[in-house]
Amino acid sequence: MLDIAYLERVAHYFESGDCKFEFENGEEERRLLILDFLERLMELGETADELATKLIFKDAYATLLTEEGAAAAEEAEAAEKKEEE
């Protein structure tokens, strides 16, 4: 499911100017297809950003939900402040 090569081809399509050229010189149907693709890609980017944040910080969030986890986080923050002083 993870096709990095396809993402690289899409990046090249944008960076090379091919997308811009096709949009500026294409028929109306092609322009609409490009706009639809870009819109969907931006939506996927937002979804990917949200998911990455949840995956990366999942354990931190779970820890803070317990009283022990919250107390440990407060202690760590207090110790960090003492070290800075």
Side-chain angles (χ1 to χ4, degrees):
M1 187 63 193
L2 300 176
D3 192 346
I4 302 301
Y6 178 73
L7 291 178
E8 290 173 354
R9 289 193 311 270
V10 170
H12 177 73
Y13 177 63
F14 295 158
E15 293 164 359
S16 68
D18 289 346
C19 181
K20 181 180 177 184
F21 178 83
E22 284 188 30
F23 184 82
E24 291 173 349
N25 297 291
E27 299 291 326
E28 188 68 19
E29 186 175 330
R30 182 66 179 170
R31 289 182 192 174
L32 292 174
L33 182 62
I34 290 170
L35 291 176
D36 286 343
F37 182 83
L38 291 172
E39 182 178 357
R40 182 68 179 129
L41 188 60
M42 288 185 291
E43 290 169 357
L44 284 172
E46 291 174 7
T47 301
D49 184 46
E50 291 173 13
L51 179 58
T53 300
K54 288 177 184 176
L55 292 174
I56 292 167
F57 296 108
K58 174 185 157 192
D59 292 335
Y61 291 139
T63 301
L64 291 175
L65 293 178
T66 66
E67 286 183 32
E68 296 85 13
E74 289 173 358
E75 288 176 18
E77 187 176 339
E80 193 174 297
K81 284 183 182 179
K82 281 186 178 180
E83 288 177 8
E84 290 176 359
E85 295 174 353

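Just the heavy atoms: all of them, side chains too, but no hydrogens, waters or symmetry mates, feed the values below. For this chain, numbers begin at 1 and follow the sequence in order.
The line from CG of L44 to CD of E46 is 9.5 Å long, rounded to the nearest 0.5 Å. The CG atom of N25 sits 8.0 Å away from the CZ atom of R31 when rounded to the nearest 0.5 Å. One distance of note links CG of L41 with CD1 of I34; it measures 13.0 Å at 0.5 Å rounding. Between atom CD of residue E22 and atom CG of residue L33 there is a gap of 9.5 Å, rounded to the nearest 0.5 Å. Atom NZ of K54 sits about 11.0 Å away from atom CG of D49, to the nearest 0.5 Å. Put simply, SG on C19 and OH on Y13 are 4.0 Å apart, with the number rounded to the nearest 0.5 Å.
More than 12 heavy atoms of other shown residues, nucleotides or ligands fall within 6.0 angstrom of atom CD in E24. When the shell of 6.0 Å around CD of E43 is examined, it contains more than 12 heavy atoms from other residues, nucleotides or ligands.
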